[in-house]
There are 2 protein chains.
Amino acid sequence: MLDRTDVQILSLLQNNAKLTIKELAEAMHLTTSPIFERIKKLEKEGVIDGYVALVNAEKAGKGQIVFCNISMPVYTTENIESFETLVRTMPQVMECYHLAGVVDYQLKVCVKDIKEYDAFLKELAKIQIIKIHSSTVVLHDVKYSTVIPLD
Amino acid sequence: MLDRTDVQILSLLQNNAKLTIKELAEAMHLTTSPIFERIKKLEKEGVIDGYVALVNAEKAGKGQIVFCNISMPVYTTENIESFETLVRTMPQVMECYHLAGVVDYQLKVCVKDIKEYDAFLKELAKIQIIKIHSSTVVLHDVKYSTVIPLD
DNA sequence: AGTGAAATGACCCGAGA
DNA sequence: TCTCGGGTCATTTCACT
């Protein structure tokens, strides 16, 4: 599905979306046209999901990450839907995964400080269908990358 | 530090880095020059960390996420440094956080399948300074966003 | 699938308010 | 800080290989 050239394009664009088609073409010893067409194809197929600017959370005053572990005592389709829909609308929740573990969900929450996290928890606690199991504060970020490893 | 216009620019670019300066200018009823200068300033100050293409992990054949919980029995500066340096070089590790909890580190690992995760664990186990505490498999992604919430 | 060239349009940098 | 306008260069399309 993805040949060597596609993977090469993706690897470069995952690190720097501002590379021009010309630069990509030079890097892989081709002309601009095939690069252009391949990128359009990858976008159309949804392999490339989009292009985003990454903001430094610290400098934007949102340097605190907290993981929130949640379980759902009554595990019905309805409850799942309403919880997942809510989570997707909360901007503080950057990531949410349904786990195969002792707790059902893990949320990665991005806030200014613990005080703001406290407010977030109070907001979340309004939903009666979930049980907030525990919260784990992040001391510091060791690594944050958006790059999907491609073989 | 960041005024209303800056926040507006960041909000738009965090969702779509391909917006042209012209489009941004129209969206906030300004001309291109001030937008251009503000963006350059935000980049220079490091508020904008970079621009990246987001790849769909599923379509790239890397649809499995596993969280790996690690503790460090002998917590010395040396051990911390060598572990954190290693983690930053491993492409499967997309995120790594130092936690204030019962385990020291949480790694978000991106792999093709559990078999590949097994290989990753074996690789990681070579470092004698850490103790792999547990692994939690993700059943499905509810939300993944790179957008830092700005007030 | 890739090349090369031509037109379209965005970026960037002035001068001026 | 913002507006306006022009030079420069990347993007995009197309006819050909």
Side-chain angles (χ1 to χ4, degrees), chain A residues 1-62 112 145-151, chain B residues 1-62 112 145-151:
Chain A
M1 182 170 165
L2 297 178
D3 68 10
R4 182 142 193 80
T5 308
D6 288 328
V7 168
Q8 210 175 339
I9 291 172
L10 291 174
S11 297
L12 291 166
L13 288 181
Q14 277 197 109
N15 284 294
N16 182 10
K18 280 288 193 256
L19 288 172
T20 63
I21 293 181
K22 199 183 190 180
E23 287 169 323
L24 290 168
E26 283 165 8
M28 50 193 67
H29 307 292
L30 283 173
T31 53
T32 57
S33 309
I35 307 294
F36 175 74
E37 278 160 21
R38 278 168 181 273
I39 290 173
K40 287 302 156 208
K41 181 166 146 281
L42 292 166
E43 288 169 353
K44 192 167 193 173
E45 288 171 348
V47 179
I48 295 176
D49 245 336
Y51 302 90
V52 300
L54 297 180
V55 167
N56 186 307
E58 202 78 52
K59 299 202 172 164
K62 293 286 179 178
K112 179 174 184 283
S145 172
T146 58
V147 178
I148 305 291
L150 306 170
D151 284 340
Chain B
M1 183 173 166
L2 298 177
D3 68 10
R4 181 139 195 80
T5 308
D6 288 328
V7 168
Q8 211 175 340
I9 291 172
L10 291 174
S11 296
L12 291 167
L13 288 181
Q14 278 198 111
N15 283 295
N16 182 11
K18 279 288 194 262
L19 288 172
T20 64
I21 293 181
K22 201 184 194 179
E23 287 170 322
L24 289 168
E26 283 165 8
M28 51 192 68
H29 307 293
L30 283 173
T31 53
T32 57
S33 308
I35 305 296
F36 175 74
E37 278 160 21
R38 279 168 180 271
I39 290 173
K40 288 302 155 208
K41 182 166 148 280
L42 291 167
E43 287 169 355
K44 192 168 192 172
E45 288 171 347
V47 179
I48 294 176
D49 245 336
Y51 302 90
V52 300
L54 297 180
V55 168
N56 185 309
E58 201 77 53
K59 298 202 174 165
K62 294 286 178 178
K112 179 173 183 285
S145 172
T146 58
V147 179
I148 305 291
L150 305 170
D151 286 339

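The chains referred to below are lettered A, B, ... by the order of the sequence lines, with proteins before strands, and numbering in each begins at 1. All figures in this text were calculated on a predicted structure; none of them were measured in a lab.
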field: Qualifying residues under side-chain contact (heavy atoms from CB on, under 4.5 Å), relative to S145(A), sequence neighbours excluded
entry: K143(A), V147(A)

Which atom of A53(A) lies closest to which atom of A17(B), heavy atoms considered: N-CB, 3.7 Å

message: I'd like to check the side chain to side chain donor-acceptor pair (under 3.5 Å) partners of K62(B); sequence neighbours left out, ordered by chain and number.
response: D151(A), E116(B)

task: Report the distance from atom CG of L12(A) to atom CG of N15(A), rounding to the nearest 0.5 Å.
output: 7.5 Å

Nearest-0.5 Å distance, CD1 of residue I35(B) to OG1 of residue T5(B): 7.0 Å

task: Name all residues meeting the side-chain contact (heavy atoms from CB on, under 4.5 Å) criterion together with S11(A); count only those two or more places apart in sequence or in a different chain, and write none if there are none.
output: V7(A), L150(A)

Identify each donor-acceptor pair in which a side-chain atom of residues 22-30 of chain A lies under 3.5 Å from a protein atom, sequence neighbours left out, and give them as a table.
{"unit_1": "E23(A)", "atom_1": "OE1", "unit_2": "T20(A)", "atom_2": "N", "d": "2.9"}
{"unit_1": "E23(A)", "atom_1": "OE1", "unit_2": "T20(A)", "atom_2": "OG1", "d": "3.3"}

Residue-level proximity of residues 19-26 of chain B to DNA chain C when a heavy atom falls under 4.0 Å: T20(B), I21(B), K22(B)

- prompt: Can you name the side-chain contact (heavy atoms from CB on, under 4.5 Å) partners of S33(A), sequence neighbours left out?
  reply: none

message: How long is the straight-line distance from CG of L19(A) back to CD1 of I21(A), given to the nearest 0.5 Å?
response: 11.0 Å

query: Looking at L2(A) and D6(A), what are the two nearest heavy atoms and their distance?
result: CA-OD2, 3.9 Å

query: What pairs with K59(A) under side chain to side chain donor-acceptor pair (under 3.5 Å), at least two apart in sequence or on another chain?
result: none

Contacting residues from residues 6-17 of chain A, given that a heavy atom lies under 4.0 angstrom of DNA chain D: none

field: Nucleic acid contacts - residues 27-44 of chain B versus DNA chain D, non-hydrogen atoms under 4.0 Å
entry: L30(B), T31(B), S33(B), P34(B), R38(B)

- request: Give the angle between the helix axes at the two ends of the helix from dA1(C)-dT17(D) to dA17(C)-dT1(D), taking five base pairs at each end and rounding to 10°.
  value: 30°

field: Name of the residue among N16(B), L13(B), V52(B) meeting side chain to side chain contact (heavy atoms under 4.5 Å, CB included) with V52(A)
entry: V52(B)

Cut-off 3.5 Å, no hydrogens considered: what does the side-chain donor-acceptor table look like for residues 39-50 of chain A, sequence neighbours left out?
{"unit_1": "K40(A)", "atom_1": "NZ", "unit_2": "E43(A)", "atom_2": "OE1", "d": "3.2"}
{"unit_1": "E43(A)", "atom_1": "OE2", "unit_2": "Y51(A)", "atom_2": "OH", "d": "2.6"}

message: For chain B and DNA chain D, what are the first and last nucleotides along the strand, 5' to 3', with at least one atom under 4.0 angstrom from a heavy atom of the protein chain?
response: dC2(D) to dC4(D)

- prompt: OG1/T32(A) to CD/E37(A) distance, rounded to the nearest 0.5 angstrom?
  reply: 9.5 Å

